[in-house]
Amino acid sequence: MNPHRILPEDRFSTLRLGDARVHTVRHRPVINPAHGTVFASVPRADPEHLERAVTAARDAFLGWRALSWAERQTRIEALADRMARARDELADLMTLEQGKPRHSAAIGEVDYAVGWLRGIAGQRLSGRILEDAPHHHVEQSYAPLGVVGLIVPWNFPLCLAVWKLAPALMTGNSVILKPSPYTPLTALRLAELAEDILPPGVLSVLTGDDALGQWMVDHPGIAKISFTGSAATGRKVMAGAAAHLKRVTLELGGNDPAIVLPDADLDACVPQLFWGAFGNSGQWCVGIKRLYVHDDIYPQLLDALVTYARSVPMGDGMEPANLLGPLQNARQYAKVLDILDDCPRRGLRFAHGGKRLLDQAGYFVPVTLVDNPPDASRVVVEEAFGPVLPVLRYRDFDDVVRRANDTEYGLGASIWGRDTAFAQTLADRLEAGTVWINEVYVHGVDFPFGGHKLSGLGVEHGAEGLAAYVNLKIRMTAR
Ligand code: NAD
């Protein structure tokens with residue numbers, strides 16, 4: 001595939017509903033964020049399409065749940081193999097629709113998703129015997145929920161979809177996946193790749209507007225919604241799900257603190273801190289969004305970050321030299337610029353960046369380091385979800401823990417220092433679902449991941465992540 005080619009008009013013009021290919025009356029444009037131009041269009045599903053997808057998923061459920069774990073594993077591994085063979089094509093689509101550099105799309109999304117499918121397929125959710133007395137036998141097992149709705153955002157379109165669909169499918173559910181309206185193409189391609197591997201109706205991908213997500217939440221035929229996105233939308237999902245007492249898993253926003261201790265190895269941690277904050281152009285739920293640096297090392301660390309930032313080229317992700325891409329969409333671009341513009345109005349100093357990139361088409365915001373803004377400033381309080389990082393001074397450890405916890409979010413946090421025993425004592429005091437020490441955003445199929453406070457409800461990954469897609473069932477026999 002020529003990476004600069006505009007997709008043919010009709011490349012993704014239909015939805016697969018059960019065993020039929022269906023044309024929709026309406027379509028949505030897909031914009032390349034590096035240029036701000038339309039390069040493809042996709043079907044815009046109506047309630048009628050959702051209805052057909054739910055019917056197909058319910059029909060497929062009985063056969064799918066009846067398969068053994070090993071049979072489902074074979075299919076999911078076959079899907080992983082198929083995706084691995086389509087690596088280049090998926091990575092091209094990813095960069096065109098999401099904006100991230102092509103090598104990050106290949107390694108960080110496609111390879112990662114392939115490995116994740118295989119990893120989850122290798123897990124087991126085993127029942128157990130709770131009592132085995134001569135007169136009484138009690139056994140705990142699990143039953144899939146039925147049709148599960150998966151709703152994902154635009155920052156990691158493939159990874160976040162696979163985080164949900166791998167455990168949902170392995171536990172015997174059929175699924176309807178709704179990608180973000182901004183990044184529908186890789187999900188549609190995934191559905192095509194799965195077509196002759198998964199029985200019709202087991203996996204449907206529906207593209208459309210935000211309203212489609214709400215219709216899924218409101219649909220009585222969908223037993224659970226697993227949602228990743230903003231806390232504002234998460235609230236709507238939970239409120240809508242309440243009408244049917246529908247199960248929900250919510251992976252929401254974050255405002256993750258990183259605390260750099262005075263004994264930190266700066267040479268080792270500066271690149272990690274940089275990529276922890278600015279990787280994917282800051283559009284990372286567990287990205288470092290507030291960087292607290294001890295007074296003793298503040299000037300050196302800020303200088304080192306500025307020097308590092310100067311060495312990282314930003315531009316169209318299809319150009320191999322570029323290590324950072326644009327923001328993904330116009331709405332996000334406007335939001336981040338608004339936070340950026342607020343800084344000089346409040347007299348804040350940029351240690352790096354800060355100026356709008358007027359000579360670039362597309363949604364580019366420069367890597368920006370804000371020098372010790374007040375705790376109450378917008379750039380500290382709000383989740384920018386872009387390449388803008390407040391660097392904050394602290395002296396006292398109790399005080400920095402208090403400041404780090406002073407947020408309505410609680411997704412992740414990180415601590416950087418040579419004395420890992422001391423770092424662990426601080427970690428225990430941080431209100432976050434995951435605290436990393438001398439690393440950041442490491443995930444694994446066996447490590448449950450979820451947020452405290454406004455960052456979410458429930459977890460993904462690990463045994464708890466599988467258990468989120470089943471009902472627990474107890475069988476008791478008097479004998
Ligand atoms: P968003 O909430 O606007 O949209 C997320 C998804 O929800 C999209 O598919 C959207 O179409 C859909 N949606 C919109 N309105 C809906 C409704 N009323 N009912 C059901 N679905 C609806 O979020 P976004 O802007 O796409 O993503 C950015 C946010 O996602 C950030 O806050 C980020 O921190 C968060 N995020 C969290 C994680 C995590 O794992 N915790 C991962 C990535 C992103």
Side-chain angles (χ1 to χ4, degrees), residues 1-16 27-43 78-117 152-163 165 177-195 197 203 205 207 279-281 283-284 312-330 332-333 360-364:
M1 179 179 170
N2 170 358
H4 298 288
R5 193 184 75 190
I6 305 297
L7 291 184
E9 185 85 5
D10 59 352
R11 172 62 188 87
F12 289 104
S13 60
T14 56
L15 294 172
R16 177 131 184 126
H27 289 80
R28 271 192 68 94
V30 186
I31 291 173
N32 177 341
H35 302 285
T37 51
V38 174
F39 73 100
S41 76
V42 295
L79 177 59
D81 293 345
R82 182 76 60 82
M83 283 174 69
R85 286 198 292 278
R87 181 181 196 255
D88 285 345
E89 187 193 352
L90 283 167
D92 283 342
L93 284 175
M94 177 66 69
T95 297
L96 289 171
E97 70 174 348
Q98 206 285 334
K100 65 185 63 190
R102 174 63 173 67
H103 75 278
S104 308
I107 296 168
E109 290 256 18
V110 186
D111 296 352
Y112 186 94
V114 166
W116 203 269
L117 280 171
V152 294
W154 42 259
N155 58 335
F156 285 90
L158 212 46
C159 287
L160 295 176
V162 163
W163 275 12
L165 66 84
L177 167 65
K178 191 197 94 59
S180 166
Y182 299 112
T183 51
L185 297 180
T186 37
L188 286 171
R189 185 67 189 119
L190 173 69
E192 287 179 354
L193 294 170
E195 230 170 80
I197 296 175
L203 164 65
V205 172
T207 51
N280 210 33
S281 294
Q283 303 164 109
W284 205 309
V312 179
M314 177 184 275
D316 184 344
M318 281 298 187
E319 302 297 334
N322 291 325
L323 301 180
L324 290 173
L327 293 180
Q328 198 283 321
N329 59 71
Q332 190 60 23
Y333 180 57
Q360 296 244 36
Y363 309 136
F364 289 95

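Using a 4.5 Å heavy-atom threshold, the side chains of R102 and P320 count as separate. Contact check for L158 versus M94: side-chain heavy atoms found under the 4.5 Å cut-off. L165 has its side chain within reach of L203: a pair of non-hydrogen atoms, C-beta onward, lies under 4.5 Å apart. At least one side-chain heavy atom of L79 sits less than 4.5 Å from a side-chain heavy atom of L190.
Counting only distance, with no hydrogens or angles, the side chain of E319 and the backbone of M314 share no donor-acceptor pair below 3.5 Å. The backbone N or O of Q283 lies less than 3.5 Å from a partner atom in the side chain of N280, making a donor-acceptor pair. Proximity of a side-chain donor or acceptor of Q98 to a complementary backbone N or O of T183 within less than 3.5 Å is not detected. Remark: side-chain polar atoms of S281 are not paired, donor with acceptor, to backbone N or O of L327 under 3.5 angstrom. Although no hydrogens or angles enter the test, the distance criterion places no donor-acceptor pair under 3.5 Å between the side chain of S41 and the main chain of R28. Listed for the D316 side chain is no donor-acceptor partner under 3.5 Å among the backbone atoms of A34. Put simply, the side chain of K100 gets close to the backbone of N155: a donor and an acceptor are under 3.5 Å apart.
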Evaluation steps, side chain to side chain contact (heavy atoms under 4.5 Å, CB included), between T207 and H27
CA-CA 9 Å; T207 51; H27 289 80; over 6 Å; no
Pair L15, L188 - check side chain to side chain contact (heavy atoms under 4.5 Å, CB included), show working.
CA-CA 8 Å; L15 294 172; L188 286 171; 4.3 Å; yes
Could you go through V30 and L185, starting from their C-alpha distance and side-chain angles, then the distance that decides it, and tell me whether this counts as side chain to side chain contact (heavy atoms under 4.5 Å, CB included)?
CA-CA 8 Å; V30 186; L185 297 180; 4.1 Å; yes
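The shortest heavy-atom contact between G317 and T95 is C-CG2, 3.6 Å. Residues G36 and Y363 come closest through the heavy atom pair CA-OH, 4.0 Å. Heavy-atom minimum distance, C159 versus G108: SG-O, 3.3 Å. Shortest non-hydrogen contact noted between P33 and Q328 is CB-O, 3.2 Å. Summarising the geometry of A191 relative to V205, their closest heavy-atom pair is CB-CG2, 3.5 Å, with the distance given to 0.1 Å. In terms of heavy-atom proximity, A105 sits nearest to A91 at CB-O, 3.7 Å.
Summarising the geometry, atom OG belonging to S104 is positioned 14.0 Å from atom OH belonging to Y112; distances are rounded to the nearest 0.5 Å. Separating the CE atom in M83 from the CG atom in L90 is a distance of 5.5 Å, to the nearest 0.5 Å. For the atom pair L93 CG and E89 CD, the distance stands at 5.5 Å (nearest 0.5 Å). Between I31 atom CD1 and F39 atom CZ the span is 9.5 Å, to the nearest 0.5 Å. Going from atom CZ of F364 over to atom CG of N322 covers 7.0 Å, rounded to the nearest 0.5 Å.
Using cut-offs of 30° and 60° on the angle between ring planes, the pair W154 and Y182 is perpendicular.
Taking the charged nitrogens against the carboxylate oxygens, E192 and R11 do have a contact shorter than 4.0 Å, which makes a salt bridge.
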